[in-house]
Amino acid sequence: DAGVIQSPRHEVTEMGQEVTLRCKPISGHDYLFWYRQTMMRGLELLIYFNNNVPIDDSGMPEDRFSAKMPNASFSTLKIQPSEPRDSAVYFCASSLGRDRLYEQYFGPGTRLTVT
Amino acid sequence: AQKVTQAQTEISVVEKEDVTLDCVYETRDTTYYLFWYKQPPSGELVFLIRRNSFDEQNEISGRYSWNFQKSTSSFNFTITASQVVDSAVYFCALSEAGSNYQLIWGAGTKLIIKP
């Protein structure tokens, strides 16, 4: 299996620009998670989906952040407009079914730098 | 209140030494899950183990072993005969049954194995 795929791996953008991060979960996994990792705050869960439906977005920091999952094999996390404090590594993870929900498999991450 | 404590910020040992990474958790749930993840310098998060609250059996996988003790709310991770490739940040995490499957992460322990 290819594992969770994220793109781009690195993104450098200027403040105010729109940023779109992409994720392809492991085929057959029905839960998808977006995390943000920073030195100050560690790993934070932003939002997660079940069967393409957002279940809990309480971790999304503000309205500038939005996430979608139009189908089972694709999700996006968008930041508009971006700010320097959004600089972080963004991880996507997926897991299979209720019984194995807790075993989350992570993608390689997208390192976002906002200047 | 922090629910997962990894008191060791950084550990440095010489190759072939044994090393134990500590994890102490706090929960009021009777059903919960504990995890260890590895984050090597390349940045991805690698799932290592899941243990549920009803299973206090220790687990061994090659040079890795885990000691789960409910009496002390600890889930420690030992690497035997450490190798340079074990150098990484190791995260302990907790998921409570009623938590919408969120993983509560420890701050991580950076393990440095010197040749």
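Sequence lines set the chain letters: A, B, ... in the order given, protein chains first and strands last, and positions in each chain run from 1.
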Donor-acceptor list for residues 39-46 of chain B side chains, cut-off 3.5 Å, not counting sequence neighbours:
| unit_1 | atom_1 | unit_2 | atom_2 | d |
| --- | --- | --- | --- | --- |
| B:Gln39 | OE1 | A:Gln37 | NE2 | 3.1 |
| B:Gln39 | NE2 | A:Gln37 | OE1 | 2.9 |
| B:Gln39 | NE2 | B:Gly43 | O | 2.8 |
| B:Ser42 | OG | B:Glu44 | OE1 | 2.4 |
| B:Ser42 | OG | B:Glu44 | OE2 | 3.2 |

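- Grouping the Ile, Leu, Val, Met, Phe, Trp and Tyr side chains by contacts below 4.5 angstrom, directly or via other members, places A:Leu112 with A:Ile47.
- Evaluation of the ring pair (Phe, Tyr, Trp, His ring centres under 6.0 Å) test over residues 61-84 of chain A, restricted to residues two or more places apart or in two chains, returns none.
- Follow the hydrophobic side-chain contacts under 4.5 Å out from B:Leu21 and you reach B:Tyr64 in the same cluster.
- Residues passing the ring-ring contact (aromatic ring centres under 6.0 Å, His included) test with A:Tyr90: none are found, sequence neighbours excluded.
- When hydrophobic clusters are built by joining Ile, Leu, Val, Met, Phe, Trp and Tyr residues whose side-chain heavy atoms come closer than 4.5 Å, directly or via intermediates, B:Val4 is grouped together with B:Trp36.
- For the atom pair B:Leu103 CG and A:Glu103 CD, the distance stands at 11.0 Å (nearest 0.5 Å).
- Using non-hydrogen atoms only and a strict 4.5 Å limit, no part of residues 11-19 of chain A faces chain B.
- Between atom CG of residue A:Leu45 and atom CD1 of residue B:Ile104 there is a gap of 10.5 Å, rounded to the nearest 0.5 Å.
- Clustering ILVMFWY residues whenever any of their side-chain heavy atoms sit less than 4.5 angstrom apart, transitively, puts B:Phe91 in the very cluster that holds A:Tyr35.
- Taken together through direct or relayed side-chain contacts under 4.5 Å among Ile, Leu, Val, Met, Phe, Trp and Tyr, B:Phe75 and B:Leu94 form part of one hydrophobic cluster.
- With contacts defined as side-chain heavy-atom distances shorter than 4.5 Å, the pair A:Phe106/B:Phe47 does not qualify.
- The side-chain heavy atoms of B:Phe35 and A:Gln104, taken from C-beta on, include no pair separated by under 4.5 Å.
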